[in-house]
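Everything below concerns the one structure shown next.
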Amino acid sequence: MATTSGGPEVGLCTGKDCRGADGYRTVERELRRSCAVLALPCLDVCDGVVVVLEPRSSKPTVLERVGSRGLALEVVDHVVAGEPLSGRLRKRRLSGSKRAKARRRVERAL
């Protein structure tokens, strides 16, 4: 998958539903300003824009519903400056079977 820009790497789901979600282009633009964005195929866990933190690690964090500029900037603060995940982002972390499914798809895409 294609990576663009420099800096820390984040994954961005490029599936049809994520690309069509409100705020997708805004989130993509904000992430690309400070991060290397790894375009991932559909992760099949769509609920708004899906962003993957540390996609090449053994346990990437998968966030759903990251559909606003503010949330994208919080993701950038986390990956670039090491800020802890905000409460808003912690609520958007996938867990359970959805997280396992997304992680398997990320692993296959790399």
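Only a predicted model underlies this, so the values are computations on that prediction, with no experimental measurement involved. Hydrogens, waters and symmetry mates are skipped; everything else that's a heavy atom, side chains included, is used.
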Once rounded to the nearest 0.5 Å, what's the spacing between atom [atom1] of [X] and atom [atom2] of [Y]?
| X | Y | atom1 | atom2 | result |
| --- | --- | --- | --- | --- |
| E83 | L73 | CD | CG | 12.5 Å |
| Y24 | D17 | OH | CG | 12.0 Å |
| L89 | L53 | CG | CG | 8.0 Å |
| D44 | K101 | CG | NZ | 3.5 Å |

Which atoms form the tightest heavy-atom contact between [X] and [Y], and what is the distance?
| X | Y | answer |
| --- | --- | --- |
| C35 | V76 | SG-CG2, 4.3 Å |
| V106 | P55 | CG1-O, 3.5 Å |
| C13 | C42 | SG-CA, 3.7 Å |
| L40 | G11 | CD1-CA, 3.8 Å |
| P8 | S34 | CD-O, 3.7 Å |
| L38 | R56 | CD1-NH2, 3.9 Å |

Check: residues 58-71 side-chain donor-acceptor pairs under 3.5 Å, at least two apart:
residue : atom : partner : partner atom : Å
E64     : OE1  : K98     : NZ           : 3.3
S68     : OG   : L71     : N            : 3.2
R69     : NE   : E30     : OE2          : 3.1

Residues, nucleotides or ligands: over 12 heavy atoms within 6.0 Å of D47 CG
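More than 12 within 6.0 Å, yes.
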
With sequence neighbours left out, what residues match R29 under salt bridge (Lys or Arg N to Asp or Glu O under 4.0 Å)?
none

For R92 and R88, indicate whether the former's side chain and the latter's backbone hold a donor-acceptor pair under 3.5 Å.
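Present.
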
Linking I/L/V/M/F/W/Y whenever any side-chain heavy atoms sit under 4.5 Å apart, do L110 and V52 land together?
yes

Please tell me whether V49 and L85 are part of a single hydrophobic cluster in this structure, the criterion being side-chain heavy atoms less than 4.5 Å apart.
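Yes, it is one cluster - the side chains of V49 and L85 are joined through contacts under 4.5 Å.
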
With E107 via side-chain contact (heavy atoms from CB on, under 4.5 Å) - residues at least two apart:
none

